[in-house]
Amino acid sequence: MLPAIFVSHGSPMLAIEPAEARDFLADLPRLLPERPRAILVISAHWERLRPAVNAPAHNETIHDFGDFPQALFDLQYPAPPAADRAHCVAELLTAGGMPTDIDTRRGLDHGAWAPLIVAWPDANVPVLQLSVQTRLGPEHHFRLGQLLAPLREEGVLILGSGSFTHDLSSFRISGGRIDAPEQDWVRSFADWMVSALREGRIDDLLNYRTRAPEAVHNHPTEEHLLPLYVALGAGADRTSHLHQSTTYGILRMDAFAFG
């Protein structure tokens, strides 16, 4: 059975810029026990008031950013959609008390395609996305993952895509250097989270905002950490720390497998 995975997608430049996290993503398919039949991405960049899953006729590549090189805007990721899986996701969540919308127009934002274009560059695995509900917090997303867990038995890779730390207001600290030294406040938060994940301290994790050091500093808003909780909920019985690195001194690029 496939694990549920959380990856940090960091800057959109991950798709084209050399980095340790990019090397990890390129190897990710080889770490899985089987090739996914479909990939369900829970991206920090699709926020809705309640769950929504996409089922377009074609997966448009959404360039939801600005002030980056033209080479990034030229990238396309035409992965096949997965309308049948989308309806299955909606049924699972609705049956579990989370009414879910089906969006027939939305394609793939960079939280989905940026890591996928590195891991599965041929874009030949069907991909669908699920929105996050930022205002509902970690417990809601952990429950969301629990409801999605049966998909793992069907060969669907549940992939949370966010960022282990995400205070972009501090970006200037790096001077634009991808290899800038990691900040102490980033390290203290990330170390606490890693320990809590390894030790299975679910209550601490669900209440990280008041218990983890520098939590609000690293996540002024929660949308980039919530995909972690979906993956955790889908496979909380076992945690593997797959990758650790830092970009620009402030973005921890950690990845985890659950289950």
Side-chain angles (χ1 to χ4, degrees), residues 1-9 25 28-48 50-56 59 77 79-104 106-109 111-113 115-116 119-120 123-133 136 138-162 197 200 202 205 225-240 242 255-259:
M1 181 164 56
L2 287 170
I5 302 287
F6 170 77
V7 299
S8 299
H9 62 250
L25 285 169
L28 179 58
R30 287 183 281 276
L31 300 179
L32 301 177
E34 63 183 77
R35 176 185 171 86
R37 297 178 186 173
I39 301 174
L40 172 63
V41 183
I42 301 89
S43 167
H45 291 278
W46 189 15
E47 298 177 87
R48 292 278 290 265
R50 71 181 200 172
V53 60
N54 76 327
N59 267 327
Y77 194 73
D84 56 337
R85 299 287 184 184
H87 286 275
C88 179
V89 168
E91 290 169 4
L92 275 174
L93 296 181
T94 300
M98 293 187 180
T100 299
D101 300 318
I102 295 178
D103 189 322
T104 60
R106 185 183 174 87
L108 304 177
D109 60 54
W113 65 258
L116 292 180
W120 286 274
N124 54 9
V125 179
V127 178
L128 64 162
Q129 276 197 236
L130 180 67
S131 66
V132 295
Q133 294 73 66
L136 298 182
E139 189 169 352
H140 165 82
H141 290 84
F142 182 77
R143 176 60 179 155
L144 202 64
Q146 290 178 317
L147 294 175
L148 294 172
L151 295 174
R152 294 174 49 211
E153 299 178 6
E154 301 173 10
V156 177
L157 178 63
I158 298 170
L159 181 68
S161 176
L197 286 164
I202 301 298
L205 289 164
L225 195 59
L226 296 177
L228 169 72
Y229 287 94
V230 180
L232 176 64
D237 55 308
R238 180 181 179 186
T239 298
S240 299
L242 301 180
F256 298 86
F258 302 102

### Task
Would you check if V41 and L108 make a side-chain contact, meaning some heavy-atom pair closer than 4.5 Å?
no
### Message
If I compare all heavy atoms of N54 with all of G107, which pair ends up nearest, and what's the gap?
### Response
ND2-O, 3.3 Å
### Query
Heavy atoms, side chains only, cut-off 4.5 Å: are D101 and D103 in contact?
no
### Message
I'd like to check L242 versus I5 (side-chain heavy atoms, cut-off strictly below 4.5 Å). Are they in contact?
### Response
yes
### Close side-chain approach of H141 to Q133, heavy-atom, < 4.5 Å
yes
### Task
Kindly compute the distance separating CG (L40) from SG (C88), expressed to the nearest 0.5 Å.
10.0 Å
### Message
What verdict does the side chain to side chain contact (heavy atoms under 4.5 Å, CB included) test give for V127 and W120, after you've listed the backbone C-alpha separation in whole Å, the side-chain angles of each residue and the deciding distance to 0.1 Å?
### Response
CA-CA 11 Å; V127 178; W120 286 274; over 6 Å; no
### Task
Enter the distance from L2:CG to I158:CD1 here, rounded to the nearest 0.5 Å.
9.0 Å
### Message
I'd like to check L232 versus F256 (side-chain heavy atoms, cut-off strictly below 4.5 Å). Are they in contact?
### Response
no
#### Entry: Gap separating the CG atom of L197 from the CZ atom of F6, nearest 0.5 angstrom
9.5 Å
#### Entry: R37 atom CZ, over 12 foreign heavy atoms within 6.0 Å
no
### Query
Considering only heavy atoms from C-beta outward, does the side chain of V53 approach that of W46 to under 4.5 Å?
no
### Query
Which atoms form the tightest heavy-atom contact between S161 and H9, and what is the distance?
OG-ND1, 2.8 Å
### Atom pair CG (L226) and NE2 (H140), whose distance is rounded to the nearest 0.5 Å
8.5 Å
### Message
Please check: side-chain N/O of T100 versus main-chain N/O of M98, any donor-acceptor pairing under 3.5 Å?
### Response
yes
### Query
Looking only at heavy atoms, which two atoms of I102 and A86 are closest? And how far apart?
CD1-O, 4.5 Å
### Side-chain heavy-atom pair V156, V89 within 4.5 angstrom cut-off
no
### Task
List the atom of R50, the atom of P99, and the distance in Å for their closest heavy-atom pair.
NH1-CB, 3.5 Å
### Message
Less than 3.5 Å apart, any donor N or O on the side chain of S131 or Q129 sitting next to an acceptor on the other?
### Response
no
### Task
Could you grab the distance from atom CZ of R143 to atom CG of L148, nearest 0.5 Å is fine?
10.0 Å
#### Entry: Min side-chain heavy-atom separation P36-P29 under 4.5 Å
no
### Query
Counting N and O atoms only, with roles assigned by atom type, does the side chain of D109 sit under 3.5 Å from a partner on the main chain of S43, one being a donor and the other an acceptor?
no
### Message
More than 12 heavy atoms of other residues, nucleotides or ligands under 6.0 Å from CD of E139: yes or no?
### Response
no
#### Entry: Flag, side chain of Y229 to backbone of L205, donor-acceptor distance under 3.5 Å
yes
### Message
Would you compute the distance between atom CH2 of W113 and atom CG of L116 and round it to the nearest 0.5 angstrom?
### Response
10.5 Å
### Task
Grab the two heavy atoms, one from P80 and one from A123, that are nearest each other, plus how far apart they are.
CD-O, 3.3 Å
## Note on the structure
Looking only at heavy atoms, the pair that brings R35 and V125 closest together is NH2-CG2, 3.4 Å
